[in-house]
Amino acid sequence: MELESLTVRTAIDGLRKRQFSSVELTRAVLDAITARDGVIGAYLWVDEADALKQAASADAARAGGADALLLGVPLAIKDILNVEGQPCTCASKILAGYRAPYDATVIARLREAGAVFAGRTNLDEFAMGSTTENSAIQLTRNPAALDRVPGGSSGGSAAAVAGGMALAALGTDTGGSIRQPASFCGCVGLKPSYGRVSRYGLVAFASSLDQIGPMTQTVEDAALLLGVMAGRDPHDATTLDRAVPNYAAALGGDLKGLRLGLPKEYFVAGLDPEVAQRVQEAVESCRRCGAEIVEVSLPHTEYAVATYYILASAEASANLARFDGVRYGHRSAVAAGTPLEMYLNTRAEGFGREVKRRIILGTYVLSSGYYDAYYTHAQRVRTLIRRDFESAFMQCDALLTPVSPDPAYLIGATAEDPLKAYLIDIFTVTANLAGICGLSVPCGTTPAGLPVGLQVLAPAFDEGTLLRIGHVYEQVREVRS
Amino acid sequence: MAAEEIDVAYVAQLATIRLTDEEARLFQRQLPVILAYVDKLRCLDVSGIEPTSHGHPVYNVLREDVPEPGLDPERVLANAPARLRDTFKVPRIVES
């Protein structure tokens with residue numbers, strides 16, 4: 001079977017028409033991993049026997065008349081989401097040996113829809129990073145250029161999809177961690193609106209910002225997976241009780257009647273000229289499809305990265321307090337006379353440098369005397385950033401921007417300059433701060449062959465518009481370089 | 001409240017993190033640079049602006065007060081780094 005030509009949509013069709021079985025499909029994915037992942041390093045864990053057993057169950061269910069949407073479709077899962085019985089390391093030494101005792105809600109829903117969980121993908125430790133170089137376990141290379149990073153933090157998922165080793169994957173996005181690696185590797189990445197998808201079973205990084213979303217080869221595949229994943233969950237009180245439309249069925253048509261805004265603060269000096277050119281061409285394609293293009297302003301954009309790193313680090317310092325060596329994961333073997341010594345030794349050995357740096361930063365901005373000056377102040381600036389988007393969306397239906405100011409970086413280029421690494425996230429953190437949804441769609445490559453992503457941003461809970469725009473653009477896209 | 005005030009060793013203690021000397025030196029150099037950058041927020045007048053604590057504000061989500069089954073204790077304890085019968089074993093907490 002030709003795995004390269006398959007998407008989630010065509011795999012569903014092929015399975016339904018009995019052109020191939022789930023075992024054959026899953027075998028093809030496993031063979032692709034064996035053939036290519038030694039070089040790419042997208043996966044942290046694959047259990048062939050377990051994956052084939054799940055596939056055989058799906059085939060048996062189909063033989064018995066079952067026909068759930070994703071029955072027998074293998075997926076790759078970022079190693080930060082709990083899948084019962086599988087490891088979940090968060091690419092950290094502190095979760096060595098942990099096996100998930102339950103399914104995250106998104107996993108339970110995908111399982112109910114018949115999906116096969118084929119393997120677990122690499123990430124920056126606890127999703128803290130933009131290159132996947134902060135993984136404590138291994139390096140992941142960009143399939144489009146092996147000397148470059150895949151982006152991050154969902155770099156393993158992006159590399160697996162773009163590298164032909166997964167039909168689709170799940171990622172998580174706290175400040176761009178789905179959209180930016182999708183852009184760097186050349187696949188589609190969707191960050192849903194805050195409250196659209198349950199985070200129950202996601203190892204929390206920054207709870208007011210985290211979202212889980214699909215990383216796929218096509219916009220239609222993203223729509224299919226979001227339709228399964230979205231909706232209210234009693235286990236995550238931040239999920240909203242809003243109807244989940246049939247996103248995939250609503251795709252099609254053109255962009256007539258839509259006003260698309262270009263935020264002038266996103267097209268500025270510092271933006272790589274080749275990235276700017278690809279994005280401008282994508283904007284012109286949308287115009288030709290009937291969209292009206294208008295310029296808008298998001299005046300507080302320059303404050304977004306500072307706001308994000310205060311809030312995300314503060315929340316991380318609280319969330320990561322649970323890793324203490326008591327109930328699961330790593331516990332230091334150094335003899336400890338008191339629990340405090342055990343915590344100190346365990347956390348010193350278990351956390352990597354970037355995680356420690358952010359815990360220290362987050363603890364500082366929450367500490368007595370600094371809380372209002374940093375944390376509450378940043379929360380107020382967050383309100384200004386949210387209002388920027390509310391005003392912009394009164395003038396247009398969605399925004400078109402670059403995903404990242406640059407194409408994929410050389411491995412090592414951003415190491416040991418944390419502030420420089422943080423500034424990479426300038427165009428993506430705003431959507432998390434505002435709670436809106438965002439999509440990264442490939443829009444060609446640089447002359448050197450590096451993928452570039454177009455970001456589409458839409459108001460909260462308007463994933464339908466987001467996907468429609470992405471899908472129409474994808475159909476007319478002329479891949480240039 | 002200048003950013004260079006950060007005392008990394010003290011904050012690490014608050015965070016229950018033991019740093020190596022090298023890490024402490026590195027962070028003591030890097031964190032003031034990051035804090036100086038985030039200080040740009042100070043120039044914004046936010047008086048009268050409500051803080052946003054969540055991407056999509058939701059308040060007081062309640063459910064019926066009915067017990068639900070939790071995780072099976074055996075499966076939970078299977079992850080314990082050290083176990084004593086049905087408990088997590090830790091260093092002594094109370095004075096003997």
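Within every chain, numbering begins at 1; the chains are lettered A, B, ... in the order of the sequence lines, protein sequences first and strands thereafter.
In terms of non-hydrogen atom pairs under 4.5 Å with chain B, the most contact-rich of Ala348(A), Gly325(A), Ala237(A) is Ala237(A). With respect to chain B, the highest number of heavy-atom pairs below 4.5 Å among Thr363(A), Leu433(A), Ile359(A) belongs to Thr363(A). Among Val76(B), Leu26(B), Ile93(B), Leu19(B), the residue with the largest count of heavy-atom pairs under 4.5 Å with chain A is Leu26(B). Counting heavy-atom pairs under 4.5 Å between each of Arg63(B), Arg75(B), Glu50(B), Glu68(B) and chain A puts Arg75(B) at the top. For the set Leu41(B), Leu77(B), Thr16(B), the entry with the most heavy-atom pairs within less than 4.5 Å of chain A is Leu41(B). Here Glu302(A) is the residue among Glu341(A), His300(A), Glu302(A) with the most heavy-atom pairs under 4.5 Å with chain B. Interface remark: of the candidates Asn345(A), Leu340(A), Asn432(A), Asn345(A) forms the most heavy-atom pairs closer than 4.5 Å to chain B. The most heavy-atom pairs under 4.5 Å with chain A, out of Val61(B), Ile17(B), Ile34(B), come from Ile17(B). Considering only heavy-atom pairs separated by less than 4.5 Å from chain B, the leading option among Thr376(A), Ile385(A), Thr338(A) is Thr338(A).
To the nearest 0.5 Å, the span separating CG on Asp173(A) from CD1 on Ile178(A) amounts to 5.0 Å. Distance check: Lys356(A) NZ to Arg18(B) CZ gives 11.0 Å after rounding to the nearest 0.5 Å. Thr307(A) OG1 to Tyr374(A) OH: the interatomic distance, rounded to the nearest 0.5 Å, is 13.0 Å. We find the CG-CD distance between Asp7(B) and Gln28(B) to be 6.5 Å, quoted to the nearest 0.5 Å. Of the inter-residue distances, the one linking His330(A) atom NE2 with Arg347(A) atom CZ reads 12.5 Å to the nearest 0.5 angstrom.
Contacts of Arg380(A) with chain B are made by both backbone and side-chain atoms, with heavy-atom separations under 4.5 Å. Using a 4.5 Å cut-off between heavy atoms, Ile310(A) touches chain B through its side chain atoms alone. Only the side chain of Leu423(A) comes within less than 4.5 Å of a heavy atom of chain B; its backbone N, CA, C and O stay farther away. For a residue to count as touching a neighbouring chain, one of its non-hydrogen atoms must lie under 4.5 Å from one of that chain's; by this rule Thr238(A) touches chain B with backbone and side chain alike. Interface residue Ala434(A): only backbone heavy atoms are found under 4.5 Å from chain B. With a threshold of 4.5 angstrom between heavy atoms, Ala82(B) approaches chain A through its backbone and through its side chain. At a 4.5 Å heavy-atom cutoff, Pro234(A) makes no contact with chain B through either its backbone or its side chain. Contacts of Gln211(A) with chain B are absent, with no heavy-atom separation under 4.5 Å from either backbone or side chain. Using a 4.5 Å cut-off between heavy atoms, Ala321(A) makes no contact with chain B at all. Interface residue Ser207(A): only backbone heavy atoms are found under 4.5 Å from chain B. Using a 4.5 Å cut-off between heavy atoms, Leu14(B) touches chain A through backbone and side chain atoms alike.
Other residues, nucleotides and ligands place more than 12 heavy atoms under 6.0 Å from the NZ atom of Lys40(B).
Looking at Glu22(B) and Arg25(B), no side-chain N of the basic residue comes within less than 4.0 Å of a carboxylate O on the acidic one, giving no salt bridge. Taking a cutoff of 4.0 Å between a charged side-chain nitrogen and a carboxylate oxygen, Arg83(B) and Glu74(B) qualify as a salt bridge. Using a 4.0 Å cut-off between charged side-chain N and carboxylate O, Arg99(A) and Glu84(A) make no salt bridge.
Note that Arg242(A) lies in the cation-pi zone of Phe461(A), set by a 6.0 Å cut-off to the ring centre and a 45° limit from the axis.
Side chains of Asp210(A) and Thr174(A): a donor on one and an acceptor on the other come within 3.5 Å.
Of the possible donor and acceptor atoms, one in the side chain of Lys191(A) sits under 3.5 Å from a partner among the backbone N and O of Ile436(A).
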